[in-house]
Structure formats: C-alpha cells, structure tokens
Amino acid sequence: MKVGYLGPIGTFSYEICNNTYNNEYKKLPFWTISDLIEALDKKFINEAIVPIENSLQGCVTEAIDTIINSKNIFIYAEETLKINQNLMSKKEYKLDEIKQVYSHPQALAQCRGYLQNNFKNVELIEVSSTALSAKEVSQKENTACICNMSCQEEYNLVVLDKNIQDNESNETKFWRLVNNKKEEEEANKMTLIFSTEDRPGALFKALKIFEKNNSNLTKIESRPTKRQLGQYYFWVDVDLNNSVYEKIIKELKEEVINLKVLGKYKSKIKGELNDI
C-alpha cells in the first residue's frame, strides 16, 4: 500500500502521516498538494494525507479546488495536528543578521505579527512547504526558515526561536483521502459539494433541508467554479445522523445541481466527537 503526503521529510504533513500510518505503508512525498491529490485520483497511490484547513488561516484552497475537480476522491477520516512554528537557520545568528526568511505561505501568515516585529525590512520568500524552506536554508548564509521542529535534526539546523506563531490555538485539519469509496462504520460527519441554479432562494432552499432534518451544519464555504464569474460550488460539513443521511441526499438532489458526496467518515476533531 502506498500513501502520499506533502513533502519533503519534515513537513507537518509528514509528521501526521507517520502518526497515522504504520510501516506497512510506503510513504511517498509530493512537492505540491495538487500533484498529491492528482496522483491519488489517477490511482498511482492508494491513500493521501492532505491539509484542508487551518484554525488561523482558513481552508487550503489548493486542496479544496483540486478535490472538487477530481473524479475518484473520497474522505475516509479526519485528523488534527497542533501546529508550532519555529525559526531556524544554518548556524547561530542574531535576528538582525537575517536577510531572508523562507517558508510556506500559510506558515508566514501564521507568524505575521512576529515577522513584522522582528524582520520589518527582511525579504520573505514563499516555497511549497515548510520542510523545503528548511532544506533551502541549510545551504544558505544569513537566512532563516519557519518550520517544524523535526526539521532541526533532518537538515542540521540551529533553533533561533520557538513557538513563534501569533496564536497558540493553531491547529490544522487533515483529511485522509482514498480513491475507492469506503465508509467508516462509526462515521459522525459528512462532507458534500454542490452548486445551485442562479435563481432567488436557491441556496436557502438547499440549506433548509438540513434544518428540516435537524442536521447541524459545522461549515459552509463557497469556491468559484472557474467557469464563469459569479458561479460557485458550496462545500458543506454536517454532523451526521445516520437515520436521515439518505433522506437528506434524496431531497438535495431535487434542489441542487452537481451534488457530490465527498465522504461519510469519522472526525477526530475535539468538539465533534463525544468521547474526546
């Protein structure tokens, strides 16, 4: 079995991949989230662990948009990881000696206040992952990166400062994705994507179905269809009540277009499982 993650070694995706999958899985790194999801969609790998949403920066749009346009992608489970960002460099530097700071755009955004206070005139360089920023900085002078603590040993770096994120409640939600539809028996959550006709009350009528069936929506977000300005897909997360699951789907099919059930799965997010 093969599982893909956003690489290289040392990313938060790599960390949660190791926490989730045992040694029976061959763990393969991918350089972009789009490449990772497309590899799963084309069945080059069996599963993928993909970052979907951060508690500070919101949804990972690259992941959502790629999943929407895929054909064979389903959610099997949902996991979360506490995110601590750290400043590292090739060797011990004073902060005013740093000329460039590398990291993933999300990590830079999560540390925006820290960067503004300590690196006002320093160039911020975006790369495809926090681990790649560590790899780059390990070969450069007077530069620093924002990354996972596991990068310290992997890339032989020096820690200049720890836990530099602006908010301590920094968590990222990951989806375990598969390319063959299988549903968790203890599923407590469902994710749907749909669009509506361009007419008054169309979205209201769709959402009314959940209220009528006493089903709690935990998220609703719109994403452009990329076909025409003003046309959107709606991504909906709903607490699952198995007794009305089929009824909701049946009623939605009469009100919306392009309905896709991405998954009926078990969420391990605090507040969404009674036993956590």
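Sequential numbering from 1 along the given sequence is applied to the chain's residues.
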### Co-membership, hydrophobic cluster, residues L87 and L115, 4.5 Å side-chain
yes
### Query
In Å, rounded to the nearest 0.5 Å, how long is the span from CG of N179 to CG of L40?
4.5 Å
### Cation-pi geometry met for K260 and F194 (6.0 Å, 45°)
no
### Query
Does D41 use its side chain to pair, donor to acceptor, with the backbone of N72 at less than 3.5 Å?
yes
### Message
Checking the side chain of Q139 only, and the main-chain atoms of E136 only, is there a donor and an acceptor separated by less than 3.5 Å?
### Response
no
### Task
Following the transitive rule for hydrophobic clusters with a side-chain heavy-atom cut-off under 4.5 Å over Ile, Leu, Val, Met, Phe, Trp and Tyr, establish whether I45 and Y25 coincide in one cluster.
no
### Task
For K90, look at atom NZ and say whether over 12 heavy atoms of other residues, nucleotides or ligands are found less than 6.0 Å away.
yes
### Message
Looking at N213 and I209, would you say the former's side chain and the latter's main chain have a donor-acceptor pair under 3.5 Å?
### Response
yes
## Note on the structure
Heavy atoms of S13 and I49 approach each other most closely as O-CG2, 4.0 Å
### Message
Just checking N180: does its CG atom have more than 12 heavy atoms from other residues, nucleotides or ligands closer to it than 6.0 angstrom?
### Response
yes
### Task
Could you check T218 against V236 for side-chain contact (heavy atoms from CB on, under 4.5 Å), going step by step and ending with a plain yes or no?
CA-CA 8 Å; T218 59; V236 172; over 6 Å; no
### Nearest heavy atoms of H104 and S128, plus distance in Å
CD2-O, 3.1 Å
### Task
Check the angle between the aromatic planes of Y232 and F234 and answer parallel, tilted or perpendicular using the 30° and 60° thresholds.
tilted
### Query
Hey, are the side chains of F210 and V238 touching, using non-hydrogen atoms and a 4.5 Å cut-off?
yes
### Message
Donor-acceptor pair, distance only, cut-off 3.5 Å: does the side chain of S129 make one with the backbone of G7?
### Response
yes
#### Entry: Side-chain donor or acceptor of N86 paired with backbone N/O of N84 under 3.5 Å
yes
### Task
Would you sort out whether K99 and E123 count as a salt bridge (charged side-chain N to carboxylate O under 4.0 Å, His left out), showing the intermediate values?
CA-CA 7 Å; K99 306 301 180 186; E123 182 181 12; over 6 Å; no
### Summary
d(R199 CZ, K205 NZ) to nearest 0.5 Å is 5.0 Å
### Query
Of K173, K219, K264, which meets salt bridge (charged side-chain N to carboxylate O under 4.0 Å, His left out) against D237?
K173
#### Entry: Close side-chain approach of V101 to I146, heavy-atom, < 4.5 Å
yes
### Message
Is there a side-chain contact (heavy atoms from CB on, under 4.5 Å) between L207 and L217? Walk through the geometry before answering.
### Response
CA-CA 9 Å; L207 297 181; L217 294 183; 3.9 Å; yes
### Sole candidate of I64, T191, I68, L177 that passes side chain to side chain contact (heavy atoms under 4.5 Å, CB included) when paired with L262
T191
### Query
How close do D166 and Y114 get, heavy atom to heavy atom, and via which atoms?
OD1-N, 3.2 Å
### Message
Hydrophobic cluster membership, with links at side-chain heavy-atom distances under 4.5 Å among I/L/V/M/F/W/Y: are V158 and I164 in one?
### Response
yes
### Query
Between Y21 and E47, does a side-chain contact (heavy atoms from CB on, under 4.5 Å) hold up when you go through it step by step?
CA-CA 10 Å; Y21 295 91; E47 297 192 22; 2.8 Å; yes
### Query
Would W31 end up clustered with V137 when hydrophobic side chains under 4.5 Å apart are linked, directly or stepwise?
yes
## Note on the structure
In short, T20 meets E79 closest at the heavy-atom pair CG2-OE2, 4.2 Å
### Message
Measuring only between side-chain heavy atoms, which start at C-beta, is K266 closer than 4.5 Å to K189?
### Response
no
### Message
So, taking the atom named OG in S70 and the one named NZ in K42, what distance separates them when rounded to the nearest 0.5 Å?
### Response
12.0 Å
### Task
Measure from the side-chain N and O atoms of N258 to the backbone N and O of S195, and report whether any donor-acceptor pair falls under 3.5 Å.
no
### Message
Name the residue from P8, S150, S133, C145 that meets the side chain to side chain contact (heavy atoms under 4.5 Å, CB included) definition with Y155.
### Response
P8
## Note on the structure
Minimal heavy-atom distance between N170 and Q165, with the atoms involved, is ND2-CB, 3.9 Å
### Query
What about F174 and I73, same hydrophobic cluster or not, with Ile/Leu/Val/Met/Phe/Trp/Tyr joined at side-chain heavy-atom distances under 4.5 Å?
no
### Task
Might you work through the side-chain contact (heavy atoms from CB on, under 4.5 Å) test for T32 and E62, ending with a clear yes or no?
CA-CA 9 Å; T32 69; E62 180 185 1; 3.9 Å; yes
### Distance-only donor-acceptor check, side chains E15 and N148, under 3.5 Å
yes
### Task
Kindly indicate whether the side chain of I67, heavy atoms from C-beta on, has any atom under 4.5 Å from the side chain of I75.
no
### Query
N188 side chain to D239 main-chain N or O, any donor-acceptor pair under 3.5 Å?
no
### Query
Taking the six-membered ring of F74, is the NZ or CZ of R176 close enough (under 6.0 Å from the centre) and on axis enough (within 45°)?
no
### Query
Are V261 and I249 close enough that some pair of their side-chain heavy atoms sits under 4.5 Å apart?
yes
### Query
Where do M88 and C151 come nearest, in terms of heavy atoms and distance?
SD-C, 4.4 Å
### Message
Can you tell me how far apart OG (S215) and CG (L240) are? Round to the nearest 0.5 Å.
### Response
8.0 Å
### Query
Just by distance, do the side chain of S138 and the backbone of K135 share a donor-acceptor pair under 3.5 Å?
yes
### Query
Where the side chain of S89 meets the backbone of A144, is there a donor-acceptor pair that is under 3.5 Å apart?
no
### Query
Around N22, counting heavy atoms of other residues, nucleotides and ligands shown, do more than 12 lie under 6.0 Å from its CG?
yes
### Message
Set out, in order, the CA-CA distance, both residues' side-chain angles and the distance that settles salt bridge (charged side-chain N to carboxylate O under 4.0 Å, His left out) for E246 and K250, then state yes or no.
### Response
CA-CA 6 Å; E246 296 292 349; K250 181 179 179 181; over 6 Å; no
### CD-CD distance between E126 and Q106, expressed to the nearest 0.5 angstrom
10.5 Å
### Task
Can you measure from CG (L157) to SG (C147) and round to the nearest 0.5 angstrom?
6.0 Å
### Query
Would you call the rings of W235 and W175 parallel, tilted or perpendicular if under 30° counts as parallel and over 60° as perpendicular?
perpendicular
### Query
Between K94 and E97, does a salt bridge (charged side-chain N to carboxylate O under 4.0 Å, His left out) hold up when you go through it step by step?
CA-CA 5 Å; K94 295 180 180 178; E97 295 178 310; over 6 Å; no
### Task
Using a 4.5 Å cut-off on heavy atoms from C-beta on, say whether the side chain of L28 contacts that of F30.
yes
### Query
Hey, are the side chains of I33 and V50 touching, using non-hydrogen atoms and a 4.5 Å cut-off?
yes
### Message
Are more than 12 heavy atoms, taken from residues, nucleotides or ligands other than K253, located less than 6.0 Å from that residue's NZ atom?
### Response
no
### Task
Report yes if the side chains of D65 and R223 come closer than 4.5 Å at any heavy-atom pair, otherwise no.
yes
### Query
Under the 3.5 angstrom rule, does the side chain of N54 hit a backbone N or O of E171 as a donor-acceptor pair?
yes
### Task
Would you indicate whether D96, at its atom CG, is surrounded by more than 12 heavy atoms from other residues, nucleotides or ligands within a distance under 6.0 Å?
yes
### Query
Centres of the Y5 and Y14 rings: under 6.0 Å?
yes
